Engineer: 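Have a look at this one before I ask anything.
Protein chains get the first letters and strands the later ones, always in sequence-line order, with residue 1 at the start of each. It should be emphasised that the depicted structure is a prediction, and the values quoted were computed from it without experimental measurement. Reckoned from all heavy atoms, side chains included, excluding hydrogens, waters and symmetry mates.
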Amino acid sequence: MPELPEVETIVRRLAPRLRGRTVVRADVRRANVVRGTPQRFERAVTGARIESVSRRGKFLVFRLADGRVWWSHLRMTGQWRVERERGRTRPGPHGRGGRVRESRRMDVAHRPDDPYVRAVFELDDGSTLSFVDVRTLGEMEIVSARQWTRREAAMGLEPLSPEFTPQALAERLAASRRPVKEFLLDQTRIAGLGNIYAVEALWRAGISPRRRARSVGVRRAVRLHRAIVDVLRQAVEKAGTSLGETSQDYVDSEGVPGSFQEFLDVYDREGEPCRRCRTPIRRIVQGQRSTYYCPGCQR
DNA sequence: GGTCCGACCTGGCAGC
DNA sequence: TGCTGCCAGGTCGGAC
């Protein structure tokens, strides 16, 4: 489930491969992964030169040399892969390196007949950029710089930016009557948090996910701010969270899973003892999403 | 304007 | 063994 740390990892992997590259051929195989028609998208992207690769919230942003912006959202199961001409991903200069990285690579290498490859882009250096998505909820679009600026303006604070301060969080919390967990998932308030990191941050801060956002108060908001920043930074360091080994689970652009799942304190631990107070972790449903929390020490 | 909820989508899995 | 139905969850749009 790509959230901020997973998208950030993908950006870091993709950037050195894609910067300066030009798309020489595009093949959109599944219509609903692009906004508009596949033909229109293929025309728009062919000949485009990628100037930079970045992230805004959970969005991947390819800035094009002509000023346009190619954004993509991975939603639940979307993945980007870059591969050399011979169809093999290259080991990168980053991460845990060497044999360990190679042994951790899932058997998900792109094949031309892979049924989950939804769009393929041939680049001018002979490599291939593929968009893979089992559930086809992910999508992409090419827009003008102005359209992207408008879209970006509607997004919430970047939690790893200097603008995300305890005070800014406290002010936004005070203006909402929703449960704090649902508040954290609202991308117009904070851009990048998803279900996993929201419940982990609330556990670290000792705040009940049921508590109304406006009742969090300044002191708890300071704790929550610290918890959000810490959990996201640590997850980025661990290259994100991969919960299983199915075709739907998160892997980066080289097929390598993250390792933050080893550090999860509450997510997916229903019935297991809280690591702080030993109370069994409880699972509830909020806003049609699973919430995990400790009823003993989260108030 | 804020909040809530269904729809989208498909693989995995439990239950029968 | 095979079928059915539920679950996973990020975003959007419509309803209230």
Engineer: Determine yes or no for a side-chain-to-main-chain donor-acceptor pair under 3.5 angstrom, with A:T22 supplying the side chain and A:G47 the backbone.
Structural biologist: no
Engineer: Just verifying a value: how many Å separate A:R118 CZ and A:M140 CE, rounded to the nearest 0.5 Å?
Structural biologist: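 If we round to the nearest 0.5 Å, A:R118:CZ and A:M140:CE are 11.5 Å apart.
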Engineer: Given C:dG10, is OP1 or OP2 found less than 4.0 Å from the side-chain N or O atoms of A:H73?
Structural biologist: no
Engineer: Check the side chains of A:Q147 and A:S144 for a donor-acceptor pair under 3.5 angstrom, ignoring hydrogens and angles.
Structural biologist: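 Judged by distance alone, the side chains do pair up.
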Engineer: Looking only at the side chain of A:K58 (C-beta and beyond, no hydrogens), which of the listed nucleotides C:dC12, B:dT10, C:dG10 gets closest?
Structural biologist: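 The nucleotide sitting nearest to the side chain is C:dG10.
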Engineer: So for atom CZ, which belongs to A:R275, do other residues, nucleotides or ligands contribute more than 12 heavy atoms lying within a distance under 6.0 Å?
Structural biologist: yes
Engineer: Side chain of A:V134 only, please: which of B:dT10, C:dG9, C:dG10 is the nearest?
Structural biologist: B:dT10
Engineer: Less than 4.5 Å apart, side chain to side chain, heavy atoms only: is that true for A:R276 and A:C294?
Structural biologist: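 A:R276 does not reach A:C294 side chain to side chain.
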Engineer: According to a strict under-4.0 Å criterion, is A:S290 in side-chain N/O contact with OP1 or OP2 of C:dA8?
Structural biologist: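 For A:S290, the contact criterion (side-chain N or O under 4.0 Å from OP1 or OP2 of C:dA8) is met.
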Engineer: When you measure only distances, ignoring hydrogens and angles, does the side chain of A:R151 come within 3.5 Å of the base of C:dT11 through a donor and an acceptor?
Structural biologist: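 Not at all, since no donor on one side and acceptor on the other fall under 3.5 Å apart.
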Engineer: Check every atom of C:dG9, C:dA8, B:dT10 against the side chain of A:M76 and return the nucleotide holding the closest atom.
Structural biologist: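 Closest nucleotide to the A:M76 side chain: C:dG9.
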Engineer: Quick one: list whatever passes salt bridge (charged side-chain N to carboxylate O under 4.0 Å, His left out) with A:E141, sequence neighbours left out.
Structural biologist: A:R35
Engineer: Less than 3.5 Å between a donor and an acceptor, one on the side chain of A:Q288 and one on the base of B:dG6, is that the case here?
Structural biologist: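 Answer is yes: a donor-acceptor pair is held.
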Engineer: Tell me whether the count of non-hydrogen atoms from other residues, nucleotides or ligands lying under 6.0 Å of CD in A:Q167 goes above 12.
Structural biologist: no
Engineer: Looking only at side-chain atoms of A:Y116, point me to the closest of B:dG11, B:dC4, C:dC12.
Structural biologist: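 Ranking B:dG11, B:dC4, C:dC12 by closest atom to the A:Y116 side chain puts B:dG11 first.
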Engineer: Which parts of residues 171-196 of chain A get close to DNA chain C, meaning a heavy atom less than 4.0 angstrom away?
Structural biologist: A:Q187, A:N195
Engineer: Within less than 4.0 Å of OP1 or OP2 of C:dC7, is there a side-chain N or O belonging to A:R135?
Structural biologist: no
Engineer: Looking only at side-chain N and O atoms, does A:E272 offer a donor or acceptor that is under 3.5 Å from a partner on A:Y292?
Structural biologist: no
Engineer: Fill in the dot-bracket string of DNA chain B, one character per base: . for unpaired, | for a pair to another strand, ( ) or [ ] for pairs within the strand, taking Watson-Crick or G-U pairs under 3.5 Å.
Structural biologist: .|||||||||||||||
Engineer: When you match A:N32 and A:G287 each to their closest nucleotide on DNA chain B, which lands nearer the 5' end?
Structural biologist: A:G287
Engineer: Quiz question: by atom type and distance under 3.5 Å, do the side chains of A:S290 and A:R283 form a donor-acceptor pair?
Structural biologist: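 A:S290 vs A:R283: donor-acceptor pair found between side chains.
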